[in-house]
Amino acid sequence: MNSITNALKGIAEHPGARGVLVEITATDGSTPRCRGAQMLLGPDGNFSGTVGGGGLEYHAEEEARRVMETGVPSQKRYSLGNAPGEATGAICGGTVTVDFTPIGPEEARRLLRDAPRPPRVLLYGAGHVGKALADALHLLGMDAVVTDERAELLTEERFPHAERRVLPEAEAPVDACPEDMVAIMTHNHANDYTLTLRALRSPARYVGLIGSRKKVALFRARLEADGIDPAELDARLHSPIGLPIGAETPEEIAVSIAAELIRFLHET
């Protein structure tokens, strides 16, 4: 869940609360963010999200505060170079059109209803890498459902931002939806194989498996023997999981996995 969603919930749940939604509605040329990027000024005077940082964001924040005071929506065209528009001191070269819309609880509830669901990752494994990855997913505005058979690791303290924490002996596994991504990194290779086979037989759009190249080769042979088409393995199984950045520590591996998920989401 991203910070803007949290801020919208705060407005929606408090009668009389007000905020200002700041949204890029058009761009031309080189710009730091694309159409649809948002920022929200909350009732407490703090901002969530970003429309690009730097001089652009400074000017947008000033306008949002003015709109908060007046309650009158506005639209601004900002120049990031020599193009027509309000100067920002930036040198990207493009222009950005930004809408500033006052919102109250009713508008916040509507925005929450209409907002697309955040990307969800079914994360199997609550060990060091799983913990680091769950933290990274939270920072990226993605939801995580964390599953592990070790109750001592699957705690609210270790995973405070998880959408759900699933202990297999206590509840049924979460079925993957077509929009879901699956990341498998348990402490047990037999579990990893069972989960990988199950994920590939599900409609999940991404299946990632942690492991060495030897483990991946052995798993691929078993998966083919269990009826998974080699072409499907090539297309759907991301293993070894993560971008090849030379990662070694749990935190570095989590960064490599998160980066692969970001790239996957932008390419699909």
Side-chain angles (χ1 to χ4, degrees), residues 1-13 17-121 136-143 161 179 181 258-268:
M1 183 181 300
N2 64 36
S3 58
I4 290 181
T5 300
N6 281 329
L8 284 171
K9 284 188 172 182
I11 296 173
E13 294 167 359
R18 295 188 306 126
V20 176
L21 182 67
V22 182
E23 181 174 8
I24 294 178
T25 54
T27 64
D28 185 36
S30 178
T31 61
R33 296 210 63 189
C34 300
R35 182 176 180 274
Q38 294 179 333
M39 182 168 69
L40 182 70
L41 172 59
D44 58 1
N46 292 321
F47 285 90
S48 305
T50 176
V51 291
L56 167 63
E57 193 150 305
Y58 172 80
H59 284 76
E61 288 179 353
E62 291 296 300
E63 178 64 11
R65 292 189 182 98
R66 190 192 68 79
V67 170
M68 178 76 94
E69 291 179 2
T70 65
V72 179
S74 72
Q75 183 181 83
K76 290 281 189 177
R77 180 180 172 89
Y78 295 105
S79 171
L80 307 181
N82 297 321
E86 186 172 320
T88 61
I91 59 173
C92 300
T95 60
V96 178
T97 302
V98 183
D99 283 6
F100 300 84
T101 307
I103 62 171
E106 184 176 346
E107 292 84 5
R109 287 190 287 270
R110 177 182 57 78
L111 289 167
L112 287 168
R113 285 195 305 268
D114 295 344
R117 196 188 85 174
R120 187 173 77 162
V121 179
L137 294 175
H138 171 67
L139 291 174
L140 294 169
M142 301 187 198
D143 288 337
H161 305 296
E179 299 82 12
M181 298 176 286
E260 182 170 83
L261 292 176
I262 292 169
R263 185 176 71 177
F264 175 81
L265 289 171
H266 283 295
E267 289 179 348
T268 56

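Worth knowing before you read on, the calculation uses all heavy atoms, side chains too, and leaves out hydrogens, waters and symmetry mates.
Met181 places a side-chain heavy atom less than 4.5 Å from the side chain of Met142. Side-chain contact between Ile24 and Cys34: absent, with no pair of heavy atoms (C-beta onward) separated by less than 4.5 Å. Proximity of Ile103 to Leu8: side-chain heavy atoms (C-beta onward) are separated by under 4.5 Å at one or more points. Using a 4.5 Å heavy-atom threshold, the side chains of Leu261 and Leu140 count as separate.
Contact record, Ala7 with Ser48: CB-OG, 3.7 Å, taken as the closest heavy-atom pair. Taking both residues in full, the closest heavy atoms of Glu63 and Ser74 are given as OE2-OG, 2.6 Å, listed atom of the first, atom of the second, then distance. Residues Leu80 and Ser30 approach most closely at CD1-O, 4.0 Å, considering heavy atoms. Counting all heavy atoms, side chain and backbone alike, Thr27 lies closest to Arg33 at CG2-O, 3.8 Å. Listed here is the closest heavy atom pair of Ala64 and Phe47: CB-CE2, 3.9 Å. For the pair Ser3 and Gly49, the tightest heavy-atom approach, listed with the atom from each and the gap, is OG-N, 3.5 Å.
Although no hydrogens or angles enter the test, the distance criterion places no donor-acceptor pair under 3.5 Å between the side chain of Glu69 and the main chain of Arg66. The main-chain N or O of Asp143 is never found under 3.5 Å from a side-chain atom of Arg120 such that the two would form a donor-acceptor pair.
Screening Thr70, Val67, Val72 for a side chain to side chain contact (heavy atoms under 4.5 Å, CB included) with Pro102, the sole residue that qualifies is Val67.
Annotation: the span from Thr101 atom OG1 to Gln75 atom CD amounts to 9.5 Å, rounded to 0.5 Å. The distance from atom CD of Glu260 to atom CG of Leu265, rounded to the nearest 0.5 Å, is 10.5 Å. Distance CD/Glu61 to CG/Leu56: 10.0 Å, rounded to 0.5 Å. The line from CD1 of Ile4 to CG of Leu111 is 10.0 Å long, rounded to the nearest 0.5 Å. Note: Glu62 CD to Phe100 CZ = 10.5 Å, rounded to the nearest 0.5 Å. Taking CD1 of Ile11 as the start and CZ of Arg18 as the end, the distance is 10.0 Å to the nearest 0.5 Å.
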Inset, instruction - Go through the steps for Glu107 and Arg110 under the test salt bridge (charged side-chain N to carboxylate O under 4.0 Å, His left out), then give the verdict. - result: CA-CA 5 Å; Glu107 292 84 5; Arg110 177 182 57 78; over 6 Å; no
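The environment of CD in Glu13 is crowded: more than 12 heavy-atom neighbours from other residues, nucleotides or ligands sit within 6.0 Å.
A side-chain N or O of Glu57 and one of Thr50 form a donor-acceptor pair less than 3.5 Å apart.
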